[in-house]
Amino acid sequence: MQDFNVTPYDVEGKVDYDELVKRFGVSIIDNAMEERIKAIAGDEHFLLRRKIFFSHRDLGWLLDQYEKGKKFYVYTGIAPSGTMTIAHLLPFTMALWLQEKFGADVYIQIPDEEKFLTKKDPCLTLEKINGFAHEDALSIAALGFDPKKTKFYIDTENANTLYKQAIRVAKHITFSQTKDAFGFGNDTNIGALFYTSLQAVGSFLKSAIDGRNVPCLVPLGIDQDVHFRLARDVTEKIGYYKPAIMHSKFMPGLKGNPKMSASDPDNTIYLSDSRDTVTKKVNRAITGQQSTAELQKKYGGDPEKCAVCQYYKYFFEPSDEKLAKIFAAERDGSMLAGEHKADLAKRINAMLDEHRKRMEALRGRMDEFMLKD
Ligand code: TRP
């Protein structure tokens, strides 16, 4: 029985991550692995410490290479379909940390054909998505990536480079493999079938450009793992290392859905949301609290079910000590939902204001970051 389902194109039900690890055949990032990363990086990140990045493929191998003096590069991406959400920032936050701590070059794919091919929405024209693609690149760059060590590529604009590599991948993936891996059917358009070969290219693009084999690490949301199950076999067949992978859990939605879907505006915060919109959305978020203030003071609430607490955990409270206090206050009823929400909304707005300022400072200077065909 499938009580939940995770594919790149659909996440349904309440995700059981332990079960998912078994289904996907990936490995948990255990404490020993976490310590090893910390020792090499000389620092730690709360996304690892809190097991938000919780599983991997071949991370041990990648670190072995690194310790032998073979640096890795990082590859990740986002398929534009509108303004980015806070949840979208998780893999890029990790990529940035890896750039800062391991000196990694970062390659970021913006596949502006992906949603065009896989969504039925007639409003998602190629022109419109291409506009979002440039805005997404700007948004991501504004997180603080080093232009000398970061390359963005947009599929329809870098086709000269990408197509030559994608066909090398496509040759090794059969119709039945994509059908099985993604749950495609006979009514799936052939562009959607082909797309995975473009997503695979990032796993060896730096190697292909530099003309030498460079290890690659891909931080991603675990729904994207399927692409790499196919890609890893192929990269090896065509003479490159299999990319190592680090998977993150899904940032919960404000309404408590397992995945903060970009297609449900009330369930998520967009980077473009105004201060009022943020405040309204946070006020409507589900909490783990009792139905009245009296009951909450008496019985306390459940931070695991509280979207507000989860937002602190995933993004807005890097200190474990402070996070533990917030969780405890929720549990014992000493802090009421209203206070929590007002504080969270303030933090989100401060982060978004700062981010938008950085975006405007970078606007018009993105050329430095873009891959040249
Ligand atoms: N398919 C991803 C999405 O839907 C975008 C993407 C492209 C990506 N390349 C990637 C994600 C590499 C993770 C790693 O948003």
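Every number for a ligand or one of its atoms is a count from 1 in the order of the listing. This is a predicted model, so every value here is computed, not measured.
Here the options are R49, K101, R50, the test is salt bridge (charged side-chain N to carboxylate O under 4.0 Å, His left out), and the partner is E44; only R49 passes.
The nearest protein atom to atom 2 (C) of ligand 1, hydrogens excluded, is given as Q224 OE1, 3.3 Å; this is a heavy-atom distance. For atom 7 (C) of ligand 1, the closest non-hydrogen atom of the protein is Q109 OE1, 3.0 Å.
Nearest-residue assignment for atom 15 (O) of ligand 1 (options A79, A95, P8, S81; heavy-atom criterion): A79.
By the 3.5 Å distance cut-off applied to N or O atoms, T76 is not counted among the residues near ligand 1. Considering backbone and side-chain atoms together, H227 places no N or O closer than 3.5 Å to any N or O of ligand 1. Between Y75 and ligand 1, a contact under 3.5 Å exists for at least one N or O pair.
When each atom of ligand 1 is checked for a heavy atom of G77 under 4.0 Å away, the hits are 5 (C), 6 (C), 7 (C), 8 (C), 9 (N), 10 (C), 11 (C), 12 (C), 13 (C), 14 (C). Close approach of ligand 1 to E114 is summarised as follows: ligand atoms under 4.0 Å from at least one heavy atom of the residue are 1 (N), 2 (C), 3 (C), 4 (O), 5 (C). Taking a cut-off of under 4.0 Å to the non-hydrogen atoms of I78, the atoms of ligand 1 that pass are 5 (C), 6 (C), 15 (O). Heavy-atom contacts of L220 reach the following atoms of ligand 1: 13 (C) (cutoff under 4.0 Å). For ligand 1, the atoms closer than 4.0 angstrom to any heavy atom of V218 are 14 (C).
Here K51 pairs with E34 in a salt bridge; the nearest charged N to carboxylate O distance falls below 4.0 Å. Contact check on R57 versus D225 returns a salt bridge, with a Lys/Arg side-chain nitrogen under 4.0 Å from an Asp/Glu carboxylate oxygen.
Side-chain atoms of S334 and D332 include a donor-acceptor pair closer than 3.5 Å. Between the side chains of Q109 and Y75, at least one donor-acceptor pair of N or O atoms lies under 3.5 Å. Counting only N and O atoms by type, the side chains of H172 and Q177 include no donor and acceptor under 3.5 Å apart. No donor-acceptor contact under 3.5 angstrom links the side chains of Q99 and D105, judged on distance only.
Between F182 and Y9, the ring planes are tilted. Angles from 30° to 60° get that label.
If you look at F228 next to ligand 1, the close heavy atoms, those under 4.0 Å, all belong to the side chain. For Y195, every heavy-atom contact with ligand 1 shorter than 4.0 Å involves the side chain, none the backbone.
Side-chain atoms of D112 come within 3.5 Å of backbone atoms of T156 as a donor-acceptor pair (strictly under, hydrogens ignored).
Within the structure, the closest approach of Y153 to ligand 1 does not fall below 4.0 Å when heavy atoms are considered.
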